[in-house]
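The next block holds one structure in the form of structure tokens; read it before the comments.
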Amino acid sequence: MQLSNYENLRSRLIAHSITCEEVVRFYLDRIDDYLEDNIYITVFSEKALERARSLDRKLKEGGRLGKLFGMPMAIKDNIAIKGERLTCASKILYNYECVFDATSVIRLEEEDAIFLGKTNMDEFAMGSSNENSAYGHIPNPFDKKRVPGGSSGGSAAAVANGLAMVALGSDTGGSVRQPAGFCDIVGLKPTYGRISRYGLVAFASSFDQIGVLARNCDDAALVLEVIAGKDRRDATSSFHVVPEYSSEMATLSVEGLKIGVPKEYFPESLNADVSRRVKGKLFELRDRGAQLVDITLPDSAYAIAAYYILVTAEASSNLARFDGARYGYRSENAGDLAAMYVNSRTEGFGREVKRRIMLGTYVLSAGYYDTYYKKAQQVRRVFQERYQEALEKVDVIAGPTSPFPPFGIGDKTGNPLEMYLADVFTVPASIVGMPAISVPLGFDSLNLPVGMHLICNFFEEGKLLGIAKRIQVPL
Ligand code: GLN
């Protein structure tokens, strides 16, 4: 069964040449074949089939067909689906069952999407390789000895291996874009505030955004259109009108496009293969009529430093609620109240999460607040100003998604700082809150995927997706 794009699936469903039930069975069988890859944490076998049958009935009875009618989707396991387990790939939430739906989940359901299950991730979305999960690591779809990226590694591997057509992930510093780049698919992080965060477990609230992982830009655009928009349950969600992304994309032309190429995104240390692929694509775009404009931006290394101060600060506060009393795991060893808190957290959280809580409480402590937290906020402001200035001169900023191709499982687990550098090109867009996307460029000399990273101005998702589409599929 060839199901690589939604438009094609939809027309076959409507023509009755295939049923939703058959589609779901096909995906469930594939999920079964990949069980040992730890891609899903929970699979909704029965529920997905039931849902498929009810959609089949609706089609037969001539009901309104939603925009995503029959689209088989996977949801990262830090997004709430009522009545289902939500683990954040952490032991501390191993038995937590959601009592409400995330807003994006409600919106997808209203448009007739089908959920196949919840995907594996780095614990509480902290990581770049999916190795920080209490549910095992995931092999890269193109080389089993390498990582799929993270923290939305399960969502990326699900889409790349054909275990879901589209998946939701979350992106705080690159967790949708980096795994998309490592798995040869499209990964979109919208403008901060474009999608409601209600029902997304908070890691760093001023950075977190739900994002979309898909095989192509049209599918990503369609899903974005459904989930974007104001939500009264999230005060940071934007009133900005949600356009019809497909028509914005259709009018985009490479001819005359001004592509900003920051030298900071092509440092000496950049992997040679990655550099060659990305530059090759830029030259191709120039040949197709785009204009390449050299620009300078603040060094991304400062973005990484500021990012890890700000997100750990926010995480240390957000994760205070997991105390053994309210949610999930409680230590057996809970003699008195203090022991219950301490032991539940000590036993329930993994190493990386604990490292970040400690870093976060440190940078927020009275004696260091001005030195670290306040400074990092100032750096964030400088980045915001400089990126906005740059985007007054160019339409889009381009560079590689990751400084290196997918790395080996275990290669960076012993050195957190090296792991943090995996996000050096994705973090700036998160710091400034602008929309960004990773587009697949094909494979390097070792047959590993290379992704190109694009950033547009606030709320220019239509343009961003349009450019990405022209890169993926030249007209
Ligand atoms: N890898 C980055 C981190 O560990 C980004 C994570 C994310 O975007 N959720 O913080």
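When a ligand or atom number is given, it counts from 1 through the structure's own listing order. Quick note: residue numbers are just sequence positions, from 1.
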Throw together a table of side-chain donor-acceptor distances under 3.5 angstrom for residues 384-397, partners on residues two or more places apart or in other chains.
unit_1, atom_1, unit_2, atom_2, d
Y387, OH, Y265, OH, 2.4
D395, OD1, K463, NZ, 3.2
D395, OD2, K258, N, 2.7

Aromatic ring pairing Y327/Y96, orientation class (parallel under 30°, perpendicular over 60°, tilted between): perpendicular

Distance flag, aromatic centroids of F207 and Y307, threshold under 6.0 Å: yes

Non-neighbouring partners of D218 that pass side-chain hydrogen bond (donor to acceptor under 3.5 Å, both in side chains), sequence neighbours left out: K469

For ligand 1, run through the N/O pairs with the protein that fall under 3.5 Å and put one pair on each line.
unit_1, atom_1, unit_2, atom_2, d
ligand 1, 1 (N), G127, O, 2.9
ligand 1, 1 (N), S128, OG, 2.9
ligand 1, 1 (N), D423, OD2, 2.7
ligand 1, 4 (O), G127, N, 2.9
ligand 1, 4 (O), Y308, OH, 3.4
ligand 1, 4 (O), R356, NH1, 3.2
ligand 1, 4 (O), R356, NH2, 2.7
ligand 1, 8 (O), T172, N, 2.7
ligand 1, 8 (O), G173, N, 2.6
ligand 1, 8 (O), G174, N, 3.2
ligand 1, 8 (O), S175, N, 3.0
ligand 1, 8 (O), S175, OG, 2.7
ligand 1, 9 (N), A125, O, 2.8
ligand 1, 9 (N), T172, OG1, 3.4
ligand 1, 9 (N), S175, OG, 2.7
ligand 1, 10 (O), Y307, OH, 2.8
ligand 1, 10 (O), R356, NH1, 2.8

Plane angle bin for F182 and F404 - parallel if under 30°, tilted between 30 and 60°, otherwise perpendicular: tilted

Residue pairs involving residues 144-168 (criterion ring-ring contact (aromatic ring centres under 6.0 Å, His included); sequence neighbours excluded): none

